[in-house]
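The block underneath contains the structure these notes are about, expressed in structure tokens.
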Amino acid sequence: MGRDEFGRLNLPKDTQVLGSAMFEAIDRAASPQPQPSPDEDLRAELLRRQEVDQAVRLVPTPEHTPELHRRRRTVDEANTDWLHATIRSHGWPGEALVGRDGASAAWLLAQHADHRPDFQRECLDLLAGAVTAGDADPRHGALLEDRVLLAQGLPQVFGTQLIQGPDGTLTPHPLRDPANVESRRAAWGLDPLETYVHQVRESTGR
């Protein structure tokens with residue numbers, strides 16, 4: 001999908017911003033800008049917190065106990081507080097500052113900051129800016145946008161947020177303009193929806 005075709009789609013404002021950012025990042029890829037020196041200590045802390053986040057999530061369904069849910073809430077609250085303080089002192093931790101894996105970890109912490117929706121929305125705005133600067137993965141912007149939209153009670157755009165039915169089947173939460181979801185996913189570098197659902201099912205054992 002090209003820039004002109006994308007511009008003709010009827011998409012939410014946030015999605016338009018992220019899409020424009022993606023095309024601008026592609027345009028600038030041929031002429032990289034000077035980047036700040038990587039912060040290895042910050043990167044290491046992001047990766048450590050990502051590991052803790054995943055340790056309380058990548059757990060087989062039979063082991064989802066009330067104690068696990070309490071631990072998960074504690075981890076999310078601590079990570080969100082830390083990310084908030086980090087953004088205040090460093091700005092958004094983009095790839096130039098903390099590397100691609102560190103930037104991915106920063107997105108993950110924001111993705112799981114559901115208990116602070118205003119801050120999560122702030123992270124989306126900052127992440128969109130990083131995508132515009134070629135300093136973040138557009139796919140992370142898509143994932144976080146869907147998360148923020150659902151928190152607002154609105155249909156998602158990319159189908160990244162799934163719900164488990166009574167029979168254990170994973171399906172996307174309601175979608176805006178479902179007929180064009182595959183073209184939107186392709187434009188942001190996301191796998192087809194069926195492939196994505198299968199990947200999530202395999203990774204979670206559902």
Side-chain angles (χ1 to χ4, degrees), residues 42-87 92-95 98-124 126-127 130-131 136-154 156-175 185 188-206:
L42 182 57
R43 171 179 173 270
E45 181 62 13
L46 280 161
L47 295 179
R48 186 192 72 79
R49 288 180 177 274
Q50 175 181 253
E51 184 176 353
V52 174
D53 173 285
Q54 294 297 277
V56 295
R57 282 187 161 81
L58 300 182
V59 177
T61 301
E63 298 178 24
H64 285 200
T65 63
E67 173 59 26
L68 176 65
H69 291 303
R70 284 192 292 270
R71 286 171 49 207
R72 185 181 298 170
R73 283 196 302 272
T74 299
V75 167
D76 288 347
E77 289 169 0
N79 281 343
T80 300
D81 289 345
W82 178 86
L83 182 62
H84 183 271
T86 297
I87 288 172
W92 181 258
E95 294 180 3
V98 294
R100 182 167 296 180
D101 53 356
S104 178
W107 156 74
L108 187 70
L109 301 190
Q111 189 80 356
H112 294 157
D114 301 305
H115 60 289
R116 291 180 60 179
D118 290 344
F119 174 64
Q120 195 174 53
R121 175 56 187 265
E122 177 186 346
C123 288
L124 176 60
L126 293 170
L127 180 55
V131 171
D137 189 333
R139 294 173 299 178
H140 293 160
L143 285 154
L144 187 54
E145 176 163 3
D146 276 355
R147 193 85 160 203
V148 167
L149 286 171
L150 287 185
Q152 296 172 339
L154 299 172
Q156 60 179 331
V157 174
F158 300 97
T160 64
Q161 304 301 294
L162 308 178
I163 186 171
Q164 186 173 18
D167 62 351
T169 302
L170 290 173
T171 56
H173 281 275
L175 277 159
R185 291 181 65 88
W188 263 261
L190 296 167
D191 289 327
L193 190 53
E194 183 177 353
T195 301
Y196 173 71
V197 172
H198 177 74
Q199 290 170 342
V200 173
R201 185 183 302 118
E202 288 293 309
S203 68
T204 59
R206 296 178 182 177

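- Taking both residues in full, the closest heavy atoms of Leu144 and Cys123 are given as CD2-C, 4.0 Å, listed atom of the first, atom of the second, then distance.
- Within 6.0 Å of CD on Glu67 lie more than 12 heavy atoms contributed by other residues, nucleotides or ligands.
- For Gln156 (side chain) and Gln161 (main-chain N/O), a donor-acceptor pair under 3.5 Å exists by modelled atom type.
- In this structure, Arg147 and Asp114 have side chains that are in contact, with non-hydrogen atoms separated by less than 4.5 Å.
- Note: Glu95 CD to Asp101 CG = 9.5 Å, rounded to the nearest 0.5 Å.
- Using a 4.5 Å cut-off on side-chain heavy atoms (C-beta onward), His64 and Arg72 make contact.
- With Trp107 as reference, His140 is the one residue of His140, Gln50, His112, Arg139 to meet the side chain to side chain contact (heavy atoms under 4.5 Å, CB included) rule.
- The side-chain hydrogen bond (donor to acceptor under 3.5 Å, both in side chains) check on Asn79 picks up Arg49, with sequence neighbours excluded.
- Expressed to the nearest 0.5 Å, how far CG of Leu127 lies from CD of Gln111 amounts to 9.5 Å.
- Taking every heavy atom of both residues into account, Ala103 and Gly94 meet most closely at CB-C, 3.8 Å.
- Residues Leu109 and Leu46 meet the side-chain proximity criterion, which asks for heavy atoms closer than 4.5 Å.
- Counting heavy atoms from C-beta on, the side chains of His115 and Arg73 never come closer than 4.5 Å.
- Going from atom CD of Gln152 over to atom CZ of Arg121 covers 5.5 Å, rounded to the nearest 0.5 Å.
- Within the 4.5 Å cutoff, the side chain of His198 has no heavy atoms near those of the Glu194 side chain.
- Trp92 pairs by the ring pair (Phe, Tyr, Trp, His ring centres under 6.0 Å) definition with nothing, not counting sequence neighbours.
- Ion pairing between a basic and an acidic side chain is recognised when a charged N comes within 4.0 Å of a carboxylate O; Asp137 and Arg100 show no such pairing.
- From Leu47, atom CG reaches atom CG of Leu42 across 9.5 Å, with rounding to the nearest 0.5 Å.
- Remark: His69 NE2 is packed, more than 12 non-hydrogen atoms of other residues, nucleotides or ligands lying under 6.0 Å away.
- Considering only heavy atoms from C-beta on, Leu149 stays 4.5 Å or farther from His173 through its side chain.
- Of the charged side-chain nitrogens involved, none lies within less than 4.0 Å of a carboxylate oxygen, so that Glu51 and Arg48 do not count as a salt-bridged pair.
- Taking both residues in full, the closest heavy atoms of Thr86 and Pro93 are given as CG2-CG, 4.3 Å, listed atom of the first, atom of the second, then distance.
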CA sep, side-chain torsions, deciding dist, call: Tyr196, Leu190, side chain to side chain contact (heavy atoms under 4.5 Å, CB included): CA-CA 8 Å; Tyr196 173 71; Leu190 296 167; over 6 Å; no

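- A distance of 7.5 Å separates OG1 of Thr171 from CG of Leu162, quoted to the nearest 0.5 Å.
- Of all heavy-atom pairs spanning Ala113 and Thr80, the tightest one is CB-OG1, 3.4 Å.
- Here the straight-line distance linking atom CG of Leu175 with atom CG of Leu193 works out to 7.0 Å at 0.5 Å rounding.
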- request: Go through the steps for Val98 and Glu45 under the test side chain to side chain contact (heavy atoms under 4.5 Å, CB included), then give the verdict.
  value: CA-CA 10 Å; Val98 294; Glu45 181 62 13; over 6 Å; no

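- The shortest side-chain heavy-atom distance between Glu145 and Val148 does not fall under the 4.5 Å cut-off.
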task: Begin with the C-alpha distance, continue with both residues' side-chain angles, and end with the deciding distance and a verdict on side chain to side chain contact (heavy atoms under 4.5 Å, CB included) for Gln120 and Leu124.
output: CA-CA 6 Å; Gln120 195 174 53; Leu124 176 60; over 6 Å; no

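- Shortest non-hydrogen contact noted between Pro192 and Arg185 is C-NE, 3.9 Å.
- Here the shortest heavy-atom pairing between Thr160 and Leu143 reads CB-CD2, 3.3 Å.
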